[in-house]
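This report concerns only the one structure given below.
Hydrogens, waters and symmetry mates play no part in the numbers below; they use all other heavy atoms, side chains included.
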Amino acid sequence: MRRRVTLLLGLPMMLALTGCAQNGATPAEPEDRWESFQRRAAEVAEAWQPGPAWTTSYIPLESPTVLAGDPKFTPESEQAFQAGWYREQVAIPTTRPAEGTVSFPDGTLKVPLLSAAEAYRQLDLGDPPPCEGRPKVPGPTVEPGPDGPVAGTSTVVSCTPLTVTGVKLGTTELRTSRGEATVPAWLFTVEELAVPVARVAVAPSAVTAVPDGGGPSGTPAPELAAAQNVVSVEGAELTWRVGVGACDTGIEPLVAEFDDVVVVGAGVVRSTGVCTDQLKLEPVSATLKAPLGARTVLDVVNGGPVSLLGG
């Protein structure tokens with residue numbers, strides 16, 4: 001399949017090129033500087049052949065735990081949400097409801113559902129550490145450093161789970177291989193949050209795994225950084241995170257748009273000196289030529305789909 005491509009560069013790159021021109025140097029054309037990205041993005045798009053299930057099945061590209069709106073987190077409630085600490089103050093129904101419907105932009109799919117109790121067991125990941133000897137509310141702490149205590153730092157330590165006070169069957173919006181879908185979900189009312197916590201109610205037997213990208217052959221150019229996850233999609237505004245070394249610099253968001261996929265990554269200047277061996281996640285963003293819609297976001301390095309970051 002021949003795919004039409006548009007290459008986009010983030011704002012930092014455009015400013016850098018402008019700065020070079022002002023200094024009298026002749027900047028390289030974006031197509032030349034990032035030829036390695038352009039070439040590999042085209043190979044990734046060409047290699048992407050996910051099979052018929054991609055457009056006929058339920059393949060979620062987002063966490064099954066969703067917040068529908070602003071929860072108005074406090075530091076403690078956000079930590080509890082991220083850790084999956086819950087306690088129930090109401091009876092959680094154990095009966096499985098009748099099958100539900102997932103609604104895609106291109107059609108619907110009947111799916112078996114979990115009971116609220118099954119969904120809650122997936123949601124609740126354990127208990128917080130005991131409060132003894134640690135603050136129950138945020139406050140200034142002193143963190144030890146290599147040369148002794150470092151004053152002025154603050155660490156929030158939560159020891160309180162989120163309190164579930166109600167549950168009902170409803171729906172939530174979730175990004176899937178077939179675009180934004182309306183999916184059956186158990187909606188848990190939480191005392192500490194302004195919006196319910198939705199946990200997708202689709203039974204595992206109806207969930208199709210995300211296929212591997214297959215990807216192009218050959219090793220990607222060393223100046224290309226892989227996309228780790230999509231942070232947000234707001235119409236044509238796309239934000240994602242890339243994995244870079246702790247001492248890498250010059251991170252430039254790179255996007256190639258095709259008819260059915262969008263390939264993302266970043267260009268970086270790799271460190272050549274001594275540095276700690278760790279992966280750092282850096283957010284980058286770009287404005288697409290058109291809203292993302294149902295197009296799949298692919299990583300330029302491994303060629304696979306990039307899922308939306310969730311709770």
Side-chain angles (χ1 to χ4, degrees), residues 58-105 108-131 134-139 156-176 179-207 229-234 239 307-311:
Y58 171 62
I59 305 179
L61 299 178
E62 187 176 351
S63 166
T65 302
V66 181
L67 288 168
D70 181 4
K72 300 191 183 304
F73 279 133
T74 64
E76 297 91 341
S77 64
E78 183 173 14
Q79 183 179 359
F81 174 76
Q82 297 295 342
W85 297 334
Y86 293 87
R87 61 184 175 191
E88 71 274 19
Q89 298 296 301
V90 294
I92 308 293
T94 58
T95 303
R96 287 186 175 181
E99 67 178 6
T101 301
V102 178
S103 298
F104 305 96
T108 60
L109 180 68
K110 293 290 186 181
V111 291
L113 300 182
L114 298 172
S115 68
E118 291 171 314
Y120 181 73
R121 283 197 294 271
Q122 295 178 346
L123 186 69
D124 184 12
L125 302 180
D127 297 323
C131 287
R134 49 175 57 211
K136 296 184 181 182
V137 296
V156 174
V157 180
S158 173
C159 56
T160 305
L162 299 176
T163 308
V164 175
T165 59
V167 58
K168 65 178 181 179
L169 185 62
T171 61
T172 191
E173 301 301 310
L174 200 75
R175 186 158 186 84
T176 73
E180 194 82 6
T182 302
V183 183
W186 288 104
L187 306 180
F188 294 93
T189 302
V190 174
E191 184 177 291
E192 294 83 2
L193 303 182
V195 297
V197 175
R199 179 73 189 191
V200 170
V202 179
S205 60
V207 179
N229 44 53
V230 173
V231 176
S232 64
V233 179
E234 298 290 342
T239 300
S307 295
L308 184 64
L309 179 66

### Atom of Val200, atom of Tyr58 and distance for their closest heavy-atom approach
CG1-OH, 3.7 Å
### Message
Please enumerate all residues that pass side chain to side chain donor-acceptor pair (under 3.5 Å) together with Arg121, with sequence neighbours excluded.
### Response
none
## Note on the structure
Between Gly170 and Leu187, the two heavy atoms sitting closest are CA-CD1, 4.1 Å
### Task
If a pair satisfies salt bridge (charged side-chain N to carboxylate O under 4.0 Å, His left out) and one of its residues is in residues 188-199, list it, with sequence neighbours excluded.
none
### Task
Could you please spell out the steps behind the side chain to side chain contact (heavy atoms under 4.5 Å, CB included) verdict for Ser103 and Thr108?
CA-CA 4 Å; Ser103 298; Thr108 60; 3.9 Å; yes
### Query
What residues, two or more places apart in sequence or in another chain, satisfy side chain to side chain contact (heavy atoms under 4.5 Å, CB included) together with Glu99?
Lys110
### Message
Looking at every heavy atom in both Leu174 and Pro60, which two are closest together, and how far apart are they?
### Response
CD2-CB, 3.9 Å
### Task
Kindly indicate whether the side chain of Pro71, heavy atoms from C-beta on, has any atom under 4.5 Å from the side chain of Ser77.
no
### Query
Tyr86: what forms a ring-ring contact (aromatic ring centres under 6.0 Å, His included) with it, not counting sequence neighbours?
none
### Any side-chain heavy-atom pair of Gln122 and Leu114 under 4.5 Å
yes
### Task
Using the side chain to side chain contact (heavy atoms under 4.5 Å, CB included) rule, take Thr176 and Ile59 through it: C-alpha gap first, then chi angles, then the decisive distance, then the call.
CA-CA 6 Å; Thr176 73; Ile59 305 179; 5.7 Å; no
### Criterion side chain to side chain contact (heavy atoms under 4.5 Å, CB included) on Phe73 and Leu193, from CA distance to verdict
CA-CA 7 Å; Phe73 279 133; Leu193 303 182; 3.7 Å; yes
### Query
Heavy-atom distance under 4.5 Å between the side chains of Leu113 and Glu118, does that happen here?
no
### Task
Please lay out, stage by stage, how Val183 and Val102 fare under the test side chain to side chain contact (heavy atoms under 4.5 Å, CB included).
CA-CA 5 Å; Val183 183; Val102 178; 4.1 Å; yes
### Task
Please report the shortest heavy-atom distance between Pro112 and Ala206, naming the atom on each side.
CD-CB, 3.7 Å
### Task
Quick one: list whatever passes side chain to side chain donor-acceptor pair (under 3.5 Å) with Tyr120, sequence neighbours left out.
Glu88
### Task
Drop me the distance from Asn229's CG to Glu62's CD, to the nearest 0.5 angstrom.
11.5 Å
### Query
Closest heavy-atom contact between Ala117 and Thr94?
CB-CG2, 3.9 Å
### Message
Strictly by side chain to side chain donor-acceptor pair (under 3.5 Å), give each pair with a member in residues 179-190 just once, sequence neighbours left out.
### Response
Glu173-Thr182
## Note on the structure
Heavy-atom closest pair (Gly84 atom, Asp124 atom, distance to 0.1 Å) is O-OD1, 3.4 Å
### Summary
Output for pair (Leu109 CG, Phe104 CZ), nearest 0.5 Å, gives 5.5 Å
